[in-house]
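Inspection log for the structure reproduced underneath, given as structure tokens.
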Amino acid sequence: MKHKSSTDLLQFTPKGIWCPPADVYIDPWRPVKKAMITHGHADHSRYGHRSYLASTTAGPAIKYRLGDINLQTINFGEKINVNGVQFSFHPAGHILGSAQIRVEHKGEVWVASGDYKLEDDGLAEAFEPVKCHTFITESTFGLPVYDWQPQEAVFADINDWWRKNAAEGKVSFITGYSLGKAQRILQGLDSSIGKIYTHGAVENINEVMRLQGIPLPDTIRVTGDISSKDYPTNLVLAPPSALNSAWMKKFKPISIAIASGWMTLRGARRRKAVERGFVLSDHVDWKDLNKAIEATEASRVIVTHGYTSIYTKYLLELGLDAEAAQTEFTGESIDEDDTPSDEKDTTL
Ligand SMILES: [Zn+2]
Ligand SMILES: [Zn+2]
């Protein structure tokens with residue numbers, strides 16, 4: 001492991017990733033004066049900062065989740081200067097508005113990538129490789145076993161599963177975290193099979209995105225007025241926190257599925273006791289992780305969350321200057337849902 005240098009343009013501190021000459025933090029996990037936010041997931045976008053800067057398209061979901069915050073937005077590619085440090089936001093392809101943050105000072109360039117994926121899902125702005133000297137990356141799925149199928153194949157499987165359940169008179173109950181994954185699933189569903197019902201946490205984000213002009217298929221919010229007879233043959237889209245809740249149990253007969261990168265592991269599927277696990281992630285898999293890092297042409301790579309130590313070792317073997325950093329990012333979770341606690345309310 002390399003020595004941390006106090007002259008590094010971005011430094012890992014107890015409050016978060018800090019840029020000393022600008023006194024700006026990227027996705028800080030403790031309250032700070034100036035925060036730049038890569039995207040709205042709970043582990044990157046937290047309460048309590050004096051000011052926030054996020055991409056224009058990430059703004060509405062961040063505001064919806066954090067409430068009355070002092071939020072400025074910036075368009076992708078636009079440059080902003082803070083005390084002689086130049087910052088710009090570039091698409092990360094993870095969820096709508098998700099950004100990599102490029103930081104340039106005295107000819108030195110760093111990129112903090114947040115969470116990202118290379119496959120263009122039609123909702124998130126497509127990932128843009130950004131050349132830099134030092135690249136800060138996640139490694140949530142940084143092992144060769146994580147090898148995603150093209151999304152078309154995954155959606156074909158999801159729709160086949162729905163069709164089969166519909167023929168058997170079952171409710172198709174599928175979970176994906178409410179900001180990003182749920183809308184991605186929604187966009188891949190074949191609405192000709194039946195109706196799509198949504199949990200409130202998912203529908204609230206759908207509404208935020210529709211107001212931004214993002215076209216999403218029609219959905220029906222699950223409310224008390226809908227009779228249980230209405231659900232069979234149709235699909236219910238919910239956050240992972242709704243799994244095995246009392247809320248879920250009113251849908252019967254039911255077939256339960258999870259859409260997550262973790263569904264690669266058979267043990268994860270078994271532990272959650274679901275019938276189907278669809279491997280669909282908003283993070284890069286092994287091959288795209290390596291491809292993305294190569295495209296940056298960075299000579300130094302700092303690995304944040306995921307398989308940090310094992311992946312750092314791999315990069316070192318490739319001859320890169322690599323190190324792991326301690327952060328409070330959590331990656332993709334099937335239990336925790338990547339969402340704030342207010343969405344755990346499943347009493348709807
Ligand atoms: Zn994320
Ligand atoms: Zn993350």
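Numbers here are sequence positions counted from 1. Counting starts at 1 for both ligands and their atoms, following the listed order.
Note: His49 and Tyr25 fail the aromatic proximity criterion, with ring centroids not under 6.0 Å apart.
Note on His39: counted as a metal contact of the Zn ion (ligand 1), an N/O/S atom lying under 2.8 Å.
Below 30°, between 30° and 60°, or above 60°: for Tyr231 and Phe251 the angle between ring planes is above 60°, a perpendicular geometry.
With the Zn ion (ligand 2) at the apex, Asp115 OD2 and His44 NE2 define an angle of roughly 90° (rounded to 10 degrees).
Considering every non-hydrogen atom in both Pro20 and Asp8, the closest pair reads CD-O, 4.1 Å.
Closest approach between the Zn ion (ligand 1) and any N/O/S atom of His94 involves NE2. His41 contributes atom ND1 as its closest N/O/S atom to the Zn ion (ligand 1).
Between the side chain of Asp120 and the backbone N or O of Ala126, no donor-acceptor pair lies under 3.5 Å.
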